[in-house]
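The next block holds one structure in the form of structure tokens; read it before the comments.
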Amino acid sequence: MAPKRKVAVSKVAKPKPNSKPESKTKAKAPKVAKTSTNGKPIPPPTSHAYKYEGNPDTGINYWLIKSEPVSRIDPKTQQDVKFPLSDLVGKDIEETWDGVRNYEARNNMVVMSKGDIALFYHSNCDTPGIVGEVEISHEAHVDETQFNTKHKSYDSKSTRENPKWWCVDVKFRRRFRRKLSLKELQAKADQLPEFLLLTRGRLSVIPVGYELYTKLVEMECEGDIQDDLDCEIDRALINVK
DNA sequence: GCCAACGTTGGC
DNA sequence: GCCAACGTTGGC
């Protein structure tokens, strides 16, 4: 396979922690959503994901995304937000990861490539932790929910010509042998440098370097196979097909 | 259910 | 551009 482009945008200055993507520190970056020659809006540029290097041999970049595996009714929409990893299993489903309304998380999605891998994290449950992996099956495209007045993620300030929000599609890749709980990850934090899950608790789309990813998979393989991952997923789905 | 952390909004 | 008020996330 030909090496894919690196996530790194080498000349991009390190953004301030709270900086918006439109920050003036990135003089060369394209402005948000100018319309390209083919009429499609261009996604905004991005994030400090450049710090996190992918696999140098395959060009694959690694990420972590969060989802809630337990039923919770969103008070605004009365909709259940529940989305366990098991919802992606077995039907060759692609799920559009839309509704993300945080600039840094969006910026991370914008630099994802098809074929990248994202760890799947269960949050807001008894034992939060990493339970599996999904693959990015479609690179960033405009998040339609921002135009839907009935959707909880509707954004009145966004326009078709100048969309603010972008999303990727994901599909199931594998379940972990066991859950890597947040507690365990915190306890082993010294082995997991630069892991934003531990330092930026509220960021829902997180870049993960290849080295870090490798360490996490090593940790996963240390323990026995576990059934309780906050959802039912067949043990046979541990390995990549 | 509580609340700390932190991102966003809007008045000035 | 500052910063107080507000809203949301997510661990506990």
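Reminder, nothing fancy here: chain letters follow the sequence lines and each chain counts from 1.
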Could you state the [atom1]-[atom2] distance from [X] to [N], rounded to the nearest angstrom?
X: Lys157(A); N: dG10(B); atom1: NZ; atom2: C1'; result: 9 Å
X: Asp230(A); N: dG11(C); atom1: CG; atom2: P; result: 11 Å
X: Arg200(A); N: dG7(B); atom1: CZ; atom2: P; result: 5 Å
X: Glu68(A); N: dG10(C); atom1: CD; atom2: C1'; result: 8 Å
X: Arg101(A); N: dC6(B); atom1: CZ; atom2: P; result: 23 Å
X: Gln186(A); N: dG11(C); atom1: CD; atom2: P; result: 9 Å
X: Leu196(A); N: dT9(C); atom1: CG; atom2: P; result: 18 Å
X: Leu198(A); N: dC12(C); atom1: CG; atom2: P; result: 11 Å

Taking only the side-chain nitrogens and oxygens of Lys66(A), find out if one of them lies under 4.0 Å from OP1 or OP2 of dT9(C).
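Negative; the distance criterion is not met.
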Would you tell me if any nitrogen or oxygen in the side chain of Tyr121(A) comes within less than 4.0 Å of OP1 or OP2 on dG11(C)?
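For Tyr121(A), the contact criterion (side-chain N or O under 4.0 Å from OP1 or OP2 of dG11(C)) is met.
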Are the side chain of Thr145(A) and the backbone of Asp98(A) linked by a donor-acceptor contact shorter than 3.5 Å?
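No: the side chain of Thr145(A) does not pair with the backbone of Asp98(A).
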Return the 5'-most residue of the pair Arg202(A), Asn124(A) with respect to DNA chain B, ranking by each residue's nearest nucleotide.
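By nearest-heavy-atom nucleotide position, the 5'-most residue is Asn124(A).
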Are Arg174(A) and Glu220(A) within salt-bridge range, i.e. N to O under 4.0 Å?
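Yes.
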Are Tyr103(A) and Trp166(A), when compared by the centres of their aromatic rings, separated by less than 6.0 Å?
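That pair fails the under 6.0 Å test.
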Just checking Gln186(A): does its CD atom have more than 12 heavy atoms from other residues, nucleotides or ligands closer to it than 6.0 angstrom?
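More than 12 heavy atoms, drawn from other residues, nucleotides or ligands, come within 6.0 Å of this atom.
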